[in-house]
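The block underneath contains the structure these notes are about, expressed in structure tokens.
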Amino acid sequence: METVRGAIVRSTAGRDKGTLLCVLGQEGGYLLLADGKRRRAASPKRKKTGHVEMVCRGAFRHPAIRKLEDGLAVSDSELRRALGAFRHQGGN
């Protein structure tokens, strides 16, 4: 799975199954994921690429997502707002 920094994924395995997360980066075969609430941007969750499904890649234009795509750091509140806006628009 080719991933893009700033993509929104859904966890398909583990205790966080069904959770929407944002891709902060990649380490080998692992993605670095955060949602700003349970998983903070300062300590992202490492999850294998096979344990997530791509929900949105680049089509959702939110300021926090654009910051991630540009390689800038985002705060936890920005991540929460971006994922909340994504859920609200029907990206559930």
Side-chain angles (χ1 to χ4, degrees):
M1 166 195 291
E2 183 183 324
T3 58
V4 178
R5 187 177 166 143
I8 297 176
V9 298
R10 178 176 287 117
S11 173
T12 59
R15 70 175 73 175
D16 60 353
K17 183 177 182 177
T19 304
L20 286 178
L21 301 157
C22 191
V23 178
L24 301 182
Q26 191 168 5
E27 267 183 12
Y30 292 91
L31 297 176
L32 301 175
L33 307 169
D35 66 359
K37 188 173 184 178
R38 288 179 214 84
R39 247 333 152 160
R40 307 290 180 153
S43 60
K45 168 83 174 156
R46 287 181 71 224
K47 201 161 189 74
K48 289 185 177 181
T49 57
H51 293 173
V52 297
E53 71 172 314
M54 188 68 64
V55 176
C56 179
R57 180 189 323 200
F60 179 63
R61 303 308 295 165
H62 189 274
I65 301 299
R66 276 190 250 132
K67 280 178 71 173
L68 277 172
E69 290 170 349
D70 293 340
L72 302 172
V74 294
S75 68
D76 293 322
S77 61
E78 288 174 316
L79 279 176
R80 287 192 304 270
R81 272 187 248 128
L83 290 172
F86 182 74
R87 281 187 205 97
H88 187 266
Q89 78 158 13
N92 217 3

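Heads up: numbering here begins at 1 and tracks the sequence.
Taking the charged nitrogens against the carboxylate oxygens, Arg39 and Asp16 have no contact shorter than 4.0 Å, which rules out a salt bridge.
Heavy-atom minimum distance, Ala64 versus Val74: O-CG1, 3.6 Å. Among all heavy-atom pairs drawn from Leu68 and Cys22, the shortest one is CD1-SG, 3.3 Å. Closest heavy-atom contact between Pro44 and Leu24: CB-CD1, 3.9 Å. Looking at every heavy atom in both residues, Gly6 comes nearest to Ile65 through O-CG2, 3.4 Å. A pairwise comparison of heavy atoms in Leu79 and Ala34 identifies CD1-CB, 3.8 Å as the closest pair. In terms of heavy atoms, Leu72 sits closest to Arg5 at O-NH2, 3.4 Å.
Val55 and Leu83 fall within the same hydrophobic cluster, defined by Ile, Leu, Val, Met, Phe, Trp and Tyr side-chain heavy atoms under 4.5 Å apart, directly or through other members. Each of Tyr30 and Val52 belongs to its own hydrophobic cluster when Ile, Leu, Val, Met, Phe, Trp and Tyr are linked at side-chain heavy-atom distances under 4.5 angstrom.
With respect to Glu53, the salt bridge (charged side-chain N to carboxylate O under 4.0 Å, His left out) criterion is satisfied by exactly one of Lys47, Arg10, Lys17: Arg10. Each of Thr19, Leu20, Val23 was checked for a side chain to side chain contact (heavy atoms under 4.5 Å, CB included) with Val9, and the lone residue meeting it is Val23.
Taking CG of Leu32 as the reference point, atom CZ of Arg46 lies at 7.5 Å (rounded to 0.5 Å). Here the NE2-CD distance, from His62 to Gln89, works out to 10.0 Å after rounding to the nearest 0.5 Å. Note that NZ of Lys67 and CD of Glu78 are 3.5 Å apart. Values are rounded to the nearest 0.5 Å.
With Asp76 contributing its side chain and Ala41 its backbone, the two residues share a donor-acceptor pair below 3.5 Å.
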Where do Gln26 and Thr49 land on the side chain to side chain contact (heavy atoms under 4.5 Å, CB included) test, with the steps shown first?
CA-CA 9 Å; Gln26 191 168 5; Thr49 57; 4.1 Å; yes

